[in-house]
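This is a predicted model, so every value here is computed, not measured. Each ligand, and each atom within it, is numbered from 1 in the order the structure gives.
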Amino acid sequence: MPDQFANQVLRAFEDGAELLKMDPRVREVLREPKRTVEFSIPVPKDDGTVSSFRGYRVQHNDALGPFKGGIRFSPGTDMSEVRALAMLMTVKCALMNLPFGGGKGGVDVDPFSLSVTELERLSRGYVAAAFPVLGPKFDIPAPDLGTNPQIIAWMADEYSRRAGAATPAAFTGKPAEAGGIAGRLLATGYGGAIVLREFLKNENAGDVTVAVQGFGNVGSYTAKYLAEFGFRVVAVSDSEGGIYHENGLDIEEELKHQTKLGKLDHSRCWPLLTKRDDRPMVCPTITNDELLTLDVDVLVPAAIEGALSEKNAEQVRAKIILEMANGPTTPEADAIFQKRGITMIPDILANGGGVVGSYFEWMQNMEGRVWTEGEFLKRLEETMRKALSEVQDTAKRHGVSFRQAAYLVALSRLQDAILARGFA
Ligand code: NAD
């Protein structure tokens, strides 16, 4: 899978570069990451043994600013996957018009197999190994798949200890009490929900049904805000499967019970428009495969890469796909969706709110001024709307898909920066 994913990201880049008629020298620069680092992280286990985990940090390009991108803890993560994700970040930061380049990190580990103390040692061990290539003006990591604000708090603390100075701007996605910004946790989901709401502005939200794959940071907040905007979120899922109710789910309740249980509650659900005494009730459970092919208006893959492939693309019944995960659609599936007239809102636009929120947090830490959540959400919304409108205008002007338009906008900015700065 990782190699397939790497090809997928490279193909989207080459397609965009071709459309832009990119300067071949710039194309050559952007094909390869500037720096890749691979290391072993020995973690003392609670039982007295030591396990070593493979860690990666890839710095793809910094023409627009310091490298920026999350760290994932995920089984099977390897250099090929992290390189592809780093390239996506370069393009995403350029599309969102941020003064950041692209990077990414990862560890090949199942975070759920570790105790809390082991997870802390692994998080600190990652920073110990990558310390020489990190920094608030050089490379700024954030959370991604399998990592969360607590993990980032440990990492930021370890960075400050090693730097010998409080350096909160070295990491984003920290909890508010550890220098984080109000709103960062919800930023990716909120940004995606804003994009869909703006895209469908002439539709009556209550008539629009949505299915969301993945109920982690990104999926749960996307579902929460779509529900708040009045959309009918009829299905959500996590790695163990999903729940469905045609009335739509009360996402606030689902989230409350997920927090209590530590995972999505598959045994019962809280449907909307249901008498209070009848809730919770047993809901039909569905597999992740079934969720992806539900008869809904909008499908939101918000879990893993490659969820939509040539194996299921013909069966997808949604009219719009909002890509909240990174790379959830293979090029083969993308071609099928294009042929079938299904609208794709690409990952680098749909989930760009995460890195925009990270930028605000970084600015807060650099300036030493605390932002309010209201200020955060207002500026995030403005940024998402602007990016969507640029993509829509470009798609119309060039007669291309939204993915191609997003790449055209981003690659054109990157080309200008690289040509202005030089190649050395
Ligand atoms: P997370 O670990 O918080 O949540 C992942 C969710 O996906 C969980 O509900 C998990 O159970 C589910 N899942 C895992 N494997 C699955 C499978 N095989 N089938 C169905 N569901 C599965 O991760 P996240 O931070 O929400 O990230 C999800 C995606 O969004 C990733 O592709 C990530 O790169 C991307 N992303 C994250 C951010 C961010 O700010 N966290 C920003 C942009 C993009």
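The nearest protein atom to atom 24 (P) of ligand 1, hydrogens excluded, is given as Val218 CG2, 3.8 Å; this is a heavy-atom distance. Nearest protein heavy-atom contact of atom 31 (C) of ligand 1 is Ala303 O, 3.5 Å. Scanning the protein heavy atoms around atom 6 (C) of ligand 1, the nearest turns out to be Gly216 N, 3.7 Å. When only non-hydrogen protein atoms are considered, atom 35 (C) of ligand 1 lies nearest to Asn326 ND2, 3.7 Å. Scanning the protein for heavy atoms near atom 3 (O) of ligand 1, the closest one is Asn217 N, 2.9 Å. Among protein heavy atoms, atom 33 (C) of ligand 1 sits closest to Asp144 OD1, 3.3 Å. Residue, atom and distance of the protein heavy atom nearest to atom 14 (C) of ligand 1 are Ser239 CB, 3.8 Å. Nearest protein heavy-atom neighbour of atom 2 (O) of ligand 1: Gly146 N, 3.0 Å.
At under 3.5 Å, a nitrogen or oxygen of Phe215, whether backbone or side chain, sits near a nitrogen or oxygen of ligand 1. Between Lys104 and ligand 1, no pair of N/O atoms sits closer than 3.5 Å. Close N/O approach between Glu305 and ligand 1 is not found [any backbone or side-chain N/O within under 3.5 Å]. Considering backbone and side-chain atoms alike, Asn351 places every N or O at 3.5 Å or more from each N or O of ligand 1. In terms of polar-atom proximity, Gly354 is not counted as a contact of ligand 1, lacking any N or O under 3.5 Å from an N or O of the ligand.
Partners of Ala163 by side chain to side chain contact (heavy atoms under 4.5 Å, CB included), not counting sequence neighbours, listed by chain and number: Phe131, Tyr159, Thr167. Remark: Pro42 engages Val50, Ser52 in a side chain to side chain contact (heavy atoms under 4.5 Å, CB included) (not counting sequence neighbours).
Under a 4.0 Å N-O distance rule, the pair Arg161/Asp157 qualifies as a salt bridge.
At distances below 3.5 Å, at least one donor-acceptor pair connects side-chain atoms of Thr77 with backbone N or O atoms of Ser74.
At a heavy-atom distance under 4.0 Å, only side-chain atoms of Ile304, from C-beta outward, approach ligand 1.
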